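What follows is one structure encoded as structure tokens, with my remarks underneath.
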Amino acid sequence: MNELRVRFAPSPTGPFHIGGARSALFNWLLARREGGKFILRIEDTDLERSSRESEENIKEALRWLGIDWDEGVDVGGPYGPYRQTERLGLYREYTAKLLAAGHAYHCYCSEDELEAERQAQLAKGETPRYGGRCRCLGDEDRRRLAAEGRKPTVRFRVPEGKAIIFNDLVRGTVSFESSGVGDFVIVKSDGIPVYNYAVVLDDALMRVTHVIRAEEHLSNTPRQIVIYEALGFPLPAFGHISLILGKDRTKMSKRHGATSVEQYKCLGYLPAAIVNFLALLGWAPEGEEEIFSREELISRFSLDRVAKNPAVFDVDKLNWLNAHYLRAAGPAVITELALPHLAAAGYVTLPLSGNERAWLEQAVAVVQEHISYAAQAAEHLAVFFKDDVAFESDEAAAILRDADIPPVMAAFRERLAALPALDDAAVKGVLKGIVKDLKLGGNKVYMPVRIALTGQAHGPDLIRLIVLLGKDRVLARLEKTLKAI
RNA sequence: GGCCCGUUGGUCAAGUGGUUAAGACACCGCCCUUUCACGGCGGUAUCAGGGGUUCGAAUCCCCUACGGGUCACCA
């Protein structure tokens, strides 16, 4: 009976934002933790901007993150439908009740008139709010206005001089003065309810017990509360979690880099890493661990450890977490995620043959410690694919011009060519043998060979590189490089 | 501008009147490694400012500053 019911109610108006994902996650964690229900409702009353495509994008992102819903679009449930545009009939009933009880009234003001009023108030330094022109219209007036061709909106009559106080689960007691609100539109002239109204009806009708959402909705809450009260609905508990900010401490937007879940997915981030990271943004567990599986998050999550202050999205930390999960997942997974990026770089052609894939996985295994997200595999794997060696700097080339080097190169070429097959032990033997026989330090052997083969002073493990490149390509690269210096 | 929320190192943060103010990312150093990275060890660095209350304030109150949110026939 007093089961916890939470919801995530996105508007399908664009790419699914990482902040939305966090709101969804917190609700979901709460529901799973408390054995409650998590509802997915689509708020598509903005006809212009909403699209089915965005809705699909959101659902796909949620599934990818492993956030499943017990009731909502696609899965149904006892309080459906779960898309607002399919609930219009329901809303109409309640609008009629509000109108009849005098809690709402028709407003015939045009958008231009309202805009003019707003500007005038702003010019005088006043708070823009509805002046109440249509508050007390008689039937006579309404007939006249309608005859002018005006289509009315429905406005909620906000009680005057009333303190609206509620206890926010994350912020504590919050209070507003109703006089600061002003009568607001609840139904547009086209008959579609506005967010602040539909959300109340839906949350109440869907028996939502806890409304956990982003802080941007905090100032909307008093508007919603007066509607709950007018309709006699019990109030849910509210909890407003802080926003995610970009590096410059403003609300995260496109210019801060990737902001949609889909972008992170494409770059080769793992859902477990995103979930772990998002959970830690604005919530802190007891204890000192930082890495949590979904199950651990569920068992530890609690709203009273959610922070009030906004959090800056720190890509470095996300990268660290993702690198951790990537390494744990292993080369096969990393390879799979890297494939599109390797193809885009022109390194591979899809689909891969079994042999190509096996080879690629070995190459990935060599560089995986360097990779924070799979897209980076392309740059770290470049030395495996670029047979035209280019020196990264003059210093690198200069190392090869040292007087001691030609004999090293000659010995390397001969001994490698003489090898029946390349494997780690054999190649290691060749390199060590050269160091010993020519009586040179390792730095006169390993580094020059590396530079001769890759043009770079740093890179993947040399022995593995040579083995994976194979004798022919190694010898060919060597040939070209020696000619170039 | 009105209203609302917030402010502990560069970042995420623990902390709820008495602590040497945790931990993590990033950064720096050392070790491991004939490269780089991973890993290990160590280090730099924080209570926005000012007033109170108190024997004692990061913790409680007030003011200021700064940041954010919101004031739509968007959500």
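As the structure is a computational prediction, the values presented were derived from the model and not from experiment. Residue numbers start from 1 in every chain, and the chains themselves are labelled A, B, ... in the order their sequence lines are given, proteins ahead of strands.
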Checklist entry - Would one find a side-chain N or O of A:R118 under 4.0 angstrom from OP1 or OP2 of B:rA72? => result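 So the side chain of A:R118 is within the cut-off, an N or O lying under 4.0 Å from OP1 or OP2 of B:rA72.
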Item to check | Contact under 4.0 Å: A:N309 side-chain N or O vs B:rC12 OP1/OP2 | outcome: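 Looking at the OP1 and OP2 atoms of B:rC12, neither is under 4.0 Å from any side-chain N or O of A:N309.
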For a quick check of understanding: with a heavy-atom distance under 4.0 Å over all strands, which category does [X] fall into, base, sugar-phosphate or nothing?
X      : answer
A:H217 : base
A:E111 : base
A:E290 : base
A:T45  : sugar-phosphate
A:T221 : nothing
A:R305 : sugar-phosphate
A:S189 : base
A:D168 : nothing

Next on the checklist: Which nucleotide wins on minimum distance to the side chain of A:R49, given the candidates B:rC25, B:rA75, B:rU7?
Outcome noted: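 For the A:R49 side chain, the nearest candidate turns out to be B:rA75.
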Checklist entry - Which one, B:rA24, B:rA75, B:rG68, comes nearest to the side chain of A:L243? => result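 Nearest to the side-chain atoms of A:L243, counting from C-beta on, is B:rG68.
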Next on the checklist: Closest-nucleotide mapping onto RNA chain B: is A:R223 or A:L318 further toward the 5' terminus? I mean the 5' end.
Outcome noted: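 The residue closer to the strand's 5' end, by nearest nucleotide, is A:L318.
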Item to check | Verdict with reasoning, A:R171 to A:H240, per side-chain hydrogen bond (donor to acceptor under 3.5 Å, both in side chains) | outcome: CA-CA 7 Å; A:R171 330 201 79 85; A:H240 291 90; over 6 Å; no
Next on the checklist: Check whether A:F26 forms a cation-pi arrangement with A:R22 (NZ or CZ under 6.0 Å from the six-membered ring centre, at most 45° off the ring normal).
Outcome noted: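 Pair A:R22/A:F26 counts as cation-pi.
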Checklist entry - For A:Y105, what residues pass the ring pair (Phe, Tyr, Trp, His ring centres under 6.0 Å) criterion, not counting sequence neighbours? => result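 Ring pair (Phe, Tyr, Trp, His ring centres under 6.0 Å) check on A:Y105 returns nothing, list empty.
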Next on the checklist: Can you classify the ring geometry of A:Y197 versus A:Y91 as parallel (below 30°), tilted (30 to 60°) or perpendicular (above 60°)?
Outcome noted: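 Tilted, since the angle between the ring planes falls between 30° and 60°.
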Checklist entry - Just by protein heavy atoms under 4.0 Å, how would nucleotides 30-39 of chain B read 5' to 3' in B, S and -? => result ----BBBSSS
Checklist entry - Under the side-chain contact (heavy atoms from CB on, under 4.5 Å) test, which residues partner A:A163, sequence neighbours left out? => result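 Listed in chain order: A:I165, A:E177.
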Item to check | Electrostatic pair A:D437:A:R415 at N-O distance under 4.0 angstrom | outcome: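 Salt bridge flag = yes for A:R415 with A:D437.
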